[in-house]
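Remarks on the structure that follows.
Numbered from 1 within each chain, the chains take letters A, B, ... in sequence-line order. Hydrogens, waters and symmetry mates play no part in the numbers below; they use all other heavy atoms, side chains included.
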Amino acid sequence: MKRKRYIQTASIAALLLLFIVYNLWFYLTFTRRYQTGASEGRRAKSIELDRYLPFAEDTLIVRHKGSLQFSEQDLEEHAIPVIDGAAALYPVFSAFVYATYPERAVSFDGTDFTPSSCLQMNNTIAAYQAVADGDADIVLCAPPSEEQLAYARERGVTLVTEPVGREAFVFLVNENNPVDNLTIDEVRAIYSNEIRNWKEVGGSDKRIEALQRNAGSGSQTAFLKVMGDAEPKRPLIQLPGSAIGFSFRYYVEDVVAEGGVKMLSLNGVAPTKDNIAKGAYPIVSEFYAVYREDNPNPNVKRFVDWMRSEEGQRIVEDTGYIPLE
Amino acid sequence: MSNRRFWRIFFIIYVTGILASAALWGYTVYLKDNCSIIDYIAGEPE
């Protein structure tokens, strides 16, 4: 009787302990790391909209007025294009808006742009949906993914993509990671799970935690292009290690401007503006103004042509991106 | 402790434990989807 009671109590205690130890391990290994990375600001919009508002006095955007000017009358007639795009490009298209739109075309409620505002910032995935659905006239983004093209095709929409500037695609590691350079083949091998430890590429003996972004985001689409035929592996929960991720140079250097990460050289070439401009850095991609081919508003094409003109390209360059060749 | 009581306590702890683990898993996947790569890498432990 006493033995039976002992076994029962021990079983309950063991079960309880099992759950406590497992959940504690899971929390300390995974949850806590992601909690650190999912800060409030990033969770909301991945960029602080109010720092780059076109007409705010303390804005961080480049302020040049353009020879193309949309008028109050255009606004009344709903002839000013609604522009949207990727977070990383928001400082550019906000500067385009400052250069050409009347102030009343932009309406910001302190947190987000109001539905009537001609400037929006919904990031790549939602922006592509918005232009296909006709909610936005022009979006500034990385090239569309297969899914985004399919989404437009399903709605009978043909998207026109016109390059507006260039930017380097960069791979990032923690600033304490001793690795400074990878070859493109090594990057592909890391993301294909063929190289799993940093010591295989000259680093310390730590597991490589290869991070990816959501499908359809601009940098994920660019990343898949870099991978070519090599298929990237994507586990549901990564085993912890020392991480590698990717983004666009300007976003890392200027928008986030946060210590703690460093951009890797690729094939021995650092992603500096000079190296990008002279074509030495190996992964430079164009970003595009994207609009519907059947958009009846003539100001859409006028505005895109202006972005590609000398004036528009000066804004691209002064913002920190690389202008078209 | 009667057999019936033992199994009742065992079952309650088991179900509660499974639910807590599932909730923690779900919360972690949610965080992962909202996690900035740059913040994540910057906050890497030594």
Side-chain angles (χ1 to χ4, degrees), chain A residues 4-5 7-9 11-16 18-20 22-24 26-27 29-44 46 172-177 206 209 211-214 219 236-238 240-247 251-252 255-262, chain B:
Chain A
K4 185 184 164 193
R5 194 175 167 184
I7 291 171
Q8 285 178 335
T9 310
S11 304
I12 287 171
L15 184 68
L16 204 59
L18 182 76
F19 278 121
I20 290 171
Y22 169 74
N23 282 333
L24 198 63
F26 190 88
Y27 174 79
T29 311
F30 299 109
T31 317
R32 198 172 55 165
R33 270 296 297 278
Y34 289 123
Q35 252 174 341
T36 312
S39 62
E40 286 298 327
R42 305 274 182 279
R43 206 178 302 170
S46 73
L172 316 163
V173 293
N174 184 276
E175 63 184 358
N176 296 318
N177 190 321
K206 281 184 180 172
E209 194 177 346
L211 306 175
Q212 295 182 50
R213 292 206 55 212
N214 299 339
S219 53
L236 183 62
I237 293 278
Q238 289 270 10
S242 187
I244 180 171
F246 49 77
S247 189
Y251 190 67
V252 180
V255 177
V256 181
E258 199 167 273
V261 297
K262 67 176 174 186
Chain B
M1 183 173 356
S2 69
N3 267 349
R4 194 185 159 127
R5 186 159 180 235
F6 165 72
W7 284 114
R8 187 183 292 167
I9 294 172
F10 192 91
F11 179 75
I12 289 170
I13 293 174
Y14 181 75
V15 170
T16 309
I18 293 286
L19 288 177
S21 304
L24 187 62
W25 177 278
Y27 177 57
T28 306
V29 171
Y30 163 78
L31 287 177
K32 180 174 185 276
D33 290 345
N34 288 279
C35 184
S36 146
I37 283 184
I38 297 171
D39 278 353
Y40 185 81
I41 294 174
E44 199 167 277
E46 290 287 322

Open item on the list: Just verifying a value: how many Å separate A:Arg32 CZ and B:Leu31 CG, rounded to the nearest 0.5 Å?
Closed with: 13.5 Å
Open item on the list: On a heavy-atom basis, which atom in B:Ile41 and which in A:Val261 lie closest, and how many Å separate them?
Closed with: CG2-CG1, 3.7 Å
Task: Interatomic distance, A:Phe30 atom CZ to B:Tyr27 atom OH [nearest 0.5 angstrom] - done: 15.5 Å
Open item on the list: Distance check, rounded to the nearest 0.5 Å: A:Leu15 atom CG versus B:Ile12 atom CD1?
Closed with: 12.0 Å
Open item on the list: Before you tell me yes or no, could you show the steps for B:Asn3 and A:Lys4 under side-chain contact (heavy atoms from CB on, under 4.5 Å), namely the whole-Å CA-CA distance, both residues' side-chain angles and the distance that decides it to 0.1 Å?
Closed with: CA-CA 10 Å; B:Asn3 267 349; A:Lys4 185 184 164 193; 3.2 Å; yes
Task: Toward chain B, the part of A:Ser219 with a non-hydrogen atom under 4.5 Å - done: neither
- [ ] Heavy-atom pairs under 4.5 Å with chain B are the metric here; pick the option from A:Asn23, A:Leu18, A:Asn177 that has the most.
- [x] A:Asn23
- [ ] Side chain from CB out, backbone as N, CA, C, O: work out which of these in A:Tyr22 comes under 4.5 Å of a heavy atom of chain B, or both, or neither.
- [x] side chain
- [ ] Enter the distance from A:Ser11:OG to B:Ile9:CD1 here, rounded to the nearest 0.5 Å.
- [x] 11.5 Å
TODO: Look up atom CZ in A:Phe19 and atom OG in B:Ser21, then write down how far apart they are to the nearest 0.5 Å.
DONE: 5.5 Å
- [ ] Kindly compute the distance separating CG (B:Leu24) from OG1 (A:Thr31), expressed to the nearest 0.5 Å.
- [x] 4.0 Å
